[in-house]
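The structure under discussion appears below in the form of structure tokens.
All heavy atoms count here, side chains included; hydrogens, waters and symmetry mates do not.
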Amino acid sequence: MKILLIGGSGYIGTVVALHFMNKNYEVHVLDNFIYDNKSSLKSFFSTNKIEILNENLESSLKNNDYNLIVILSGLVGDPITKKYPSLSKLHNNYEIKKYLSIINNNYSKKFIFISTCSNYGLNDSNILLDENCNLNPLSLYAKEKVGIENYLSSNKWKFHFTILRFATAFGHSPRMRFDLTINEFTKLFFEKKEFEVYDSETWRPYCHTTDFARAIEAILHADLDLVSNEIFNVGSNKNNFTKQMIITEINKHFKHNYVKYKNKGVDQRNYKVDFSKIKKILNFEPEKDLSHGIKEIIINLSSNRYENIENSKLYGNYFIKEYEENN
């Protein structure tokens with residue numbers, strides 16, 4: 001089987017690519033490497049024989065018979081979209097719609113758009129939010145994700161789309177990020193650094209990177225009538241956590257704690273998500289829990305797996321070099 005990952009060089013994309021490659025799928029990646037990280041990922045792609053396309057999307061679709069296309073591309077996360085709003089609109093709105101038009105003209109099989117549980121925004125944490133709940137996107141990132149969801153749902157397409165709203169990611173990746181809550185907190189504990197945590201009782205759902213890959217695989221193999229034009233939250237009800245709960249779990253692995261707690265942070269998101277639908281319809285449940293992800297990161301940090309870790313720009317969505325140089 002052959003799969004195309006648009007935006008397959010990112011934190012989740014590289015994990016998804018590796019997952020399918022290990023199952024002997026032919027994996028193609030189309031990516032503009034906006035974070036200037038192509039050189040650091042060159043060895044990963046060449047070693048695993050994952051093909052990075054040098055042609056445009058239309059040419060690739062005409063030259064390949066894909067069984068699945070996944071769009072993971074764009075500026076990912078609230079901080080980076082807030083920092084580069086014009087680029088966010090370009091890559092998370094206009095570019096995605098352009099891709100959809102090209103795909104529609106050249107493809108008629110399964111297609112997945114990766115969205116986010118951040119679309120739920122600020123909600124009563126006593127309520128588990130399912131796919132039918134009203135969305136309350138607070139950030140530019142979430143608003144643009146909701147915009148593409150609505151665009152998909154309000155138009156007719158030749159392909160069969162599925163929208164996956166991912167929980168907040170954690171765990172190891174070939175393109176590692178330490179600007180995500182669980183990864184960041186674990187690294188700061190490991191380095192014995194003092195850090196501040198705002199609004200520690202706010203809730204968020206979390207999911208390991210490899211479980212996102214498994215969810216995409218579940219869509220690929222599911223009967224079309226179960227997934228066509230459907231939306232699924234991806235995660236587990238057991239992985240709804242407050243920041244305080246995460247810190248408590250990480251602290252089990254360390255004797256020290258240099259956390260300072262503060263209120264009224266800029267990130268107002270607070271929501272619990274219901275993942276019953278994907279479990280009921282696709283029999284999907286995440287395999288890797290919070291403890292596994294924390295241990296995994298500690299082991300990798302201890303073995304110096306992450307090169308040049310002192311250079312934070314290599315390990316997060318902080319900085320777009322080409323934009324900074326041209327402005």
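- Cluster annotation: V227 and I148 are assigned to distinct hydrophobic clusters (Ile/Leu/Val/Met/Phe/Trp/Tyr, side-chain heavy-atom contacts under 4.5 Å, transitive).
- The closest donor-acceptor contact from the side chain of T47 to the backbone of S43 lies under 3.5 Å.
- Under the 4.5 Å side-chain criterion, counting only non-hydrogen atoms from C-beta, Y99 is in contact with S73.
- Counting heavy atoms from C-beta outward, K38 and D31 have side chains that stay 4.5 Å or more apart.
- One N or O on the side chain of T202 and one on the backbone of D199 form a donor-acceptor pair closer than 3.5 Å.
- In this structure, the separation between CG on L129 and CG on N119 is 11.0 Å, given to the nearest 0.5 Å.
- Between T116 and V76 the shortest side-chain heavy-atom distance does not fall below 4.5 Å.
- Considering only heavy atoms from C-beta on, H172 stays 4.5 Å or farther from N183 through its side chain.
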Practice problem: Apply salt bridge (Lys or Arg N to Asp or Glu O under 4.0 Å) to the pair E196 and K260, showing each step before the final yes or no. | Solution: CA-CA 5 Å; E196 297 175 342; K260 290 187 175 182; over 6 Å; no
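- For the pair S101 (side chain) and K98 (backbone), a donor-acceptor distance under 3.5 Å is absent.
- In summary, the aromatic rings of F161 and F111 are positioned with their centroids too far apart to meet the 6.0 Å limit.
- Under a 3.5 Å cut-off, the side chain of N48 and the backbone N or O of M21 do not form any donor-acceptor pair.
- Under 4.0 Å is where a charged nitrogen must lie from a carboxylate oxygen, and between K243 and E201 no such pair does.
- Taken together through direct or relayed side-chain contacts under 4.5 Å among Ile, Leu, Val, Met, Phe, Trp and Tyr, L128 and I231 form parts of separate hydrophobic clusters.
- In this structure a side-chain-to-backbone donor-acceptor pair under 3.5 Å is missing from K277 to L282.
- Around atom CG of N283, no more than 12 heavy atoms belonging to other residues, nucleotides or ligands sit under 6.0 Å away.
- Between T14 and S173, the side chains place a donor N or O and an acceptor N or O closer than 3.5 Å (distance only, hydrogens not considered).
- Taking CG from L100 and CG from N155, the interatomic distance works out to 9.0 Å, rounded to the nearest 0.5 Å.
- Taking the side chain as every heavy atom from C-beta outward, Y25 and N67 never approach each other to under 4.5 Å.
- When all heavy atoms of V146 and P137 are compared, the closest pair comes out as CG2-CG, 3.9 Å.
- Cation-pi geometry between R177 and F170 is not met at under 6.0 angstrom from the ring centre and within 45 degrees of the axis.
- One N or O on the side chain of S154 and one on the backbone of N150 form a donor-acceptor pair closer than 3.5 Å.
- No chain of hydrophobic side-chain contacts below 4.5 Å, direct or via other Ile, Leu, Val, Met, Phe, Trp or Tyr residues, connects I96 to I34.
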Exercise. Please report the C-alpha distance between D65 and K109 in whole Å, then the side-chain angles of each, then the deciding distance to 0.1 Å, and finally whether the salt bridge (Lys or Arg N to Asp or Glu O under 4.0 Å) criterion is met.
Key: CA-CA 10 Å; D65 183 21; K109 297 179 183 179; 3.0 Å; yes
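- When Y206, F232, F166 are each tested for a ring-ring contact (aromatic ring centres under 6.0 Å, His included) with F212, only one passes: F166.
- For F195 and F185, the distance between ring centers is under 6.0 angstrom.
- Atom NZ of K97 is surrounded by more than 12 heavy atoms from other residues, nucleotides or ligands within 6.0 Å.
- Interatomic distance, OG1 of T186 versus CD of E296, reported as 10.0 Å (0.5 Å rounding).
- At least one test fails for K279 against the ring of F284: distance under 6.0 Å to the centre or angle within 45° of the axis.
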Practice problem: Could you please spell out the steps behind the ring-ring contact (aromatic ring centres under 6.0 Å, His included) verdict for Y107 and W157? | Solution: CA-CA 10 Å; Y107 178 80; W157 308 95; over 10 Å; no
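- With hydrogens and angles ignored, the 3.5 Å screen pairs a side-chain donor or acceptor of D124 with a backbone N or O of N126.
- The environment of E307 atom CD is sparse: at most 12 non-hydrogen atoms of other residues, nucleotides or ligands sit within 6.0 angstrom.
- Side-chain contact between N237 and D274 is present, with heavy atoms from C-beta onward closer than 4.5 Å.
- Exactly one of N136, N233, N134 qualifies for a side chain to side chain donor-acceptor pair (under 3.5 Å) with Y120. That residue is N233.
- Classification of the H208-H292 ring pair by plane angle, with boundaries at 30° and 60°, yields perpendicular.
- Without hydrogens or angle criteria, S302 side chain to I298 main chain gives a donor-acceptor distance under 3.5 Å.
- Looking only at side-chain heavy atoms (C-beta outward), N240 and Y271 stay at 4.5 Å or farther from each other.
- The side-chain heavy atoms of Y261 and Y198, taken from C-beta on, include no pair separated by under 4.5 Å.
- Distance CZ/R214 to CD/E287: 3.5 Å, rounded to 0.5 Å.
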Practice problem: Please assess K145 against E149 for the test salt bridge (Lys or Arg N to Asp or Glu O under 4.0 Å), listing each intermediate value before the final yes or no. | Solution: CA-CA 6 Å; K145 287 291 189 183; E149 285 193 17; over 6 Å; no
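- Atoms CG and CD1, from L290 and I182 in turn, are 4.5 Å apart once rounded to the nearest 0.5 Å.
- For the atom pair CD1 of I297 and NE2 of H253, the computed distance is 10.5 Å after rounding to the nearest 0.5 Å.
- Using a distance-only test at 3.5 Å, with no hydrogens or angles considered, a donor-acceptor pair links the side chain of N104 to the main chain of K158.
- Taking the six-membered ring for Trp and the full ring otherwise, H28 and F20 have centroids separated by 6.0 Å or more.
- With respect to E144 and K89, no salt bridge is recorded, no charged nitrogen being found less than 4.0 Å from a carboxylate O.
- When atom types are taken as modelled, the side chain of N270 and the backbone of L122 share no donor-acceptor pair closer than 3.5 angstrom.
- Side-chain heavy atoms closer than 4.5 Å link hydrophobic residues (I, L, V, M, F, W, Y) into clusters, and following such links, even through other members, never connects F45 to V15.
- Ion pair E131/R165 not flagged as a salt bridge, since none of the NZ, NE, NH1 or NH2 atoms sits closer than 4.0 Å to an Asp/Glu carboxylate oxygen.
- Checked for salt-bridge contact, R269 and D78 meet the test: a charged N lies under 4.0 Å from a carboxylate O.
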